[in-house]
Amino acid sequence: MKMKLFNTATRTKELFHSINDNKVGMYCCGPTVYNYAHIGNLRTYIFEDLLRRALELDGYEINHVMNVTDVGHLTGDGDDGEDKMVKSSREKKMSVWDIADFYTKAFFHDTQRLNIKYPSIACKATDHIQEMIDLVTRLEEKGYTYTAGGNVYFDISKFPAYGKMALLDRQELMAGARILVDENKKNPNDFVLWFTNSKFENQAMVWDSPWGKGYPGWHLECSAMSMKYLGETFDIHCGGIDHIPVHHTNEIAQSEAATGKKWVNYWIHGEFLLMDTGKMSKSKGSFITLQTLVDEGYDPMDYRFFCLSGHYRSQLMFKRESLDAARNARLKLVKKVKEFSKGEPSTSLGTEAARLLEDFNNAIFDDLNIPKALASLWAVVKSDTISDGEKIKAIFEMDKILGLNLESILDEKDEIIDNDLAAEIQKLVDQRIEAKRAKDYAEADRIRSILLEQGVVLKDTPEGTVWEKV
Ligand code: AMP
Ligand code: ZN
């Protein structure tokens, strides 16, 4: 086992050790389904997919759990603003349930188009309300909560390790009490575990609870669902870097306060995709979706390839010119792979190909250094000494990580060629039928011989002329 990962909790690159032999429990914060995912969100899911594939390459079996936030995520991470689902439902004149269903499907359609592996378990917040209530009850029993203004809050002053992973300063946190925003909170960093309907009159999704009819705070679902499916301590938790100071900080506080144990061993965070105009944000309403790019003529794989150009811990600037460059490079790769695949793929690799594949894998195992790994891929493509058969074998191995779908793209292209060919043949067959109808037998025979040259045999049957390729 070789994988090294940068752990946000320690701010160092560590050799990865799983809790259970070759099994890894990995939790990734999923989408809030009140709108389409923007390409920034998708960058994070691509990074998580690369991480999963890299761990699989390292011999692990991955239990990949992802939540779908279909309730309770307010427009601000810190309990401010209104519920994003309710806002979207009002704006789009659809029920909150229909909104959630529609955008969940849209999300997984996008991830499928990007060849992101489907999670082992994709779980909806609304299917886990009881688990969340149980968690709040546990916290309440241990004295970590208080109720104010109808809501149940987590009291961060009771949890001395609050903000440790995010390196938040405890002195400052406690001093923050002087600038209280929500007058129900003892400290501005206290967060809601359970809202009752006292907060929003028109909240459409509400459930009975020991604290009254209401709904869970956003952070709660990730703790409840990850522990349900992965246990009270598990290996990896991922997400975008924006979640470190609030969402993940609160997830840790409520999970560890409830169990009294360390919750997650490795915190792996992906950096942001930036636009020329600054940070892309779903809630600000101005964002680019995968479909925007598809409508502009890009293939979803162009975007995946573009994301491979940056290390996951570096910010990546999105520009159409960079996407064009990624598209050209990807098409060049596809064309080369098509060329190499004319012969038989090799069953083994010679020294040079094996060395480059090892370099590729080592870059992957070094905290997922995809840009460095890509250099080995291009070295294979350009090599004068590696045979085409070996090239194909090595490239397909590399693509298990890159996920560019190179093998099926080849099939697809062949299919398209076959379809084009079939259409061409049918056109000639139709012309021959027309010639016969016009009693132009010379023309009909001419077309028959053209088709024969292409290996197409015509049979005149009572039902009409049929053709087959011999
Ligand atoms: P959300 O649906 O807002 O909870 O975001 C889903 C995921 O996308 C989270 O892991 C976020 O951290 C991540 N994310 C949000 N904006 C960006 C961005 N501009 N670049 C990369 N990841 C992002
Ligand atoms: Zn989460």
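Counting convention: from 1, in listed order, for ligands and their atoms alike. Below, each value reflects all heavy atoms present in this structure, side chains not excepted, and no hydrogens, waters or symmetry copies.
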* Asked: Considering distance alone, does some N or O of Asn41 sit under 3.5 Å from an N or O of ligand 1?
  -> yes
* Protein N, O or S atoms less than 2.8 Å from the Zn ion (ligand 2), ignoring waters? -> Cys29 SG, Cys222 SG, His247 NE2, Glu251 OE2
* With a cut-off of 4.0 Å, which atoms of ligand 1 are near a heavy atom of His38? -> 16 (N), 17 (C), 19 (N)
* To do: With Lys4 as the cation and Phe16 as the aromatic partner, state whether NZ or CZ is under 6.0 Å from the six-membered ring centre and within 45° of the axis.
  => no
* What atoms of ligand 1 come within less than 4.0 Å of a heavy atom belonging to Gly240? -> 10 (O), 12 (O)
* Which of the atoms in ligand 1, numbered in the order shown and given with their element, are less than 4.0 Å from a heavy-atom of His243? -> 4 (O), 9 (C), 10 (O), 11 (C), 12 (O)
* Against heavy atoms of Asp242, which atoms of ligand 1 measure under 4.0 Å? -> 11 (C), 12 (O)
* Asked: Is atom NZ of Lys142 surrounded by more than 12 heavy atoms (other residues, nucleotides or ligands) closer than 6.0 Å?
  -> yes
* Determine whether the aromatic ring centres of Tyr34 and Tyr103 lie less than 6.0 Å apart. => no
* Asked: Going by atom types alone, do Glu221 and Asn67 pair a side-chain donor with an acceptor below 3.5 Å?
  -> yes
* To do: Grab the two heavy atoms, one from Asp235 and one from Val24, that are nearest each other, plus how far apart they are.
  => OD2-CA, 3.4 Å
* Structure fact -> The residue among Ile288, Leu114, Asp110 that forms side chain to side chain contact (heavy atoms under 4.5 Å, CB included) with Tyr303 is Leu114
* **ligand 1 to Leu273 polar contact by distance, N or O atoms, under 3.5 Å** => yes
* Asked: Under 6.0 Å from the six-membered ring centre of Phe6 and within 45° of its axis: does the NZ or CZ of Arg11 meet both?
  -> no
* Under 3.5 Å donor-acceptor, Asn250 side chain and His247 backbone -> no
* To do: Could you tell me whether Ile241 and ligand 1 have an N or O pair separated by under 3.5 Å?
  => no
* Structure fact -> Near Thr44 (heavy-atom distance under 4.0 Å), the atoms of ligand 1 are 10 (O), 13 (C), 21 (C), 22 (N), 23 (C)
* **Asp208 side chain vs Lys213 backbone, donor-acceptor pair below 3.5 Å** => no
* Asked: Under the 3.5 angstrom rule, does the side chain of Lys185 hit a backbone N or O of Asp190 as a donor-acceptor pair?
  -> yes
* Would you check the N or O atoms of Thr32, main chain and side chain alike, for any that come under 3.5 Å of an N or O of ligand 1? => yes
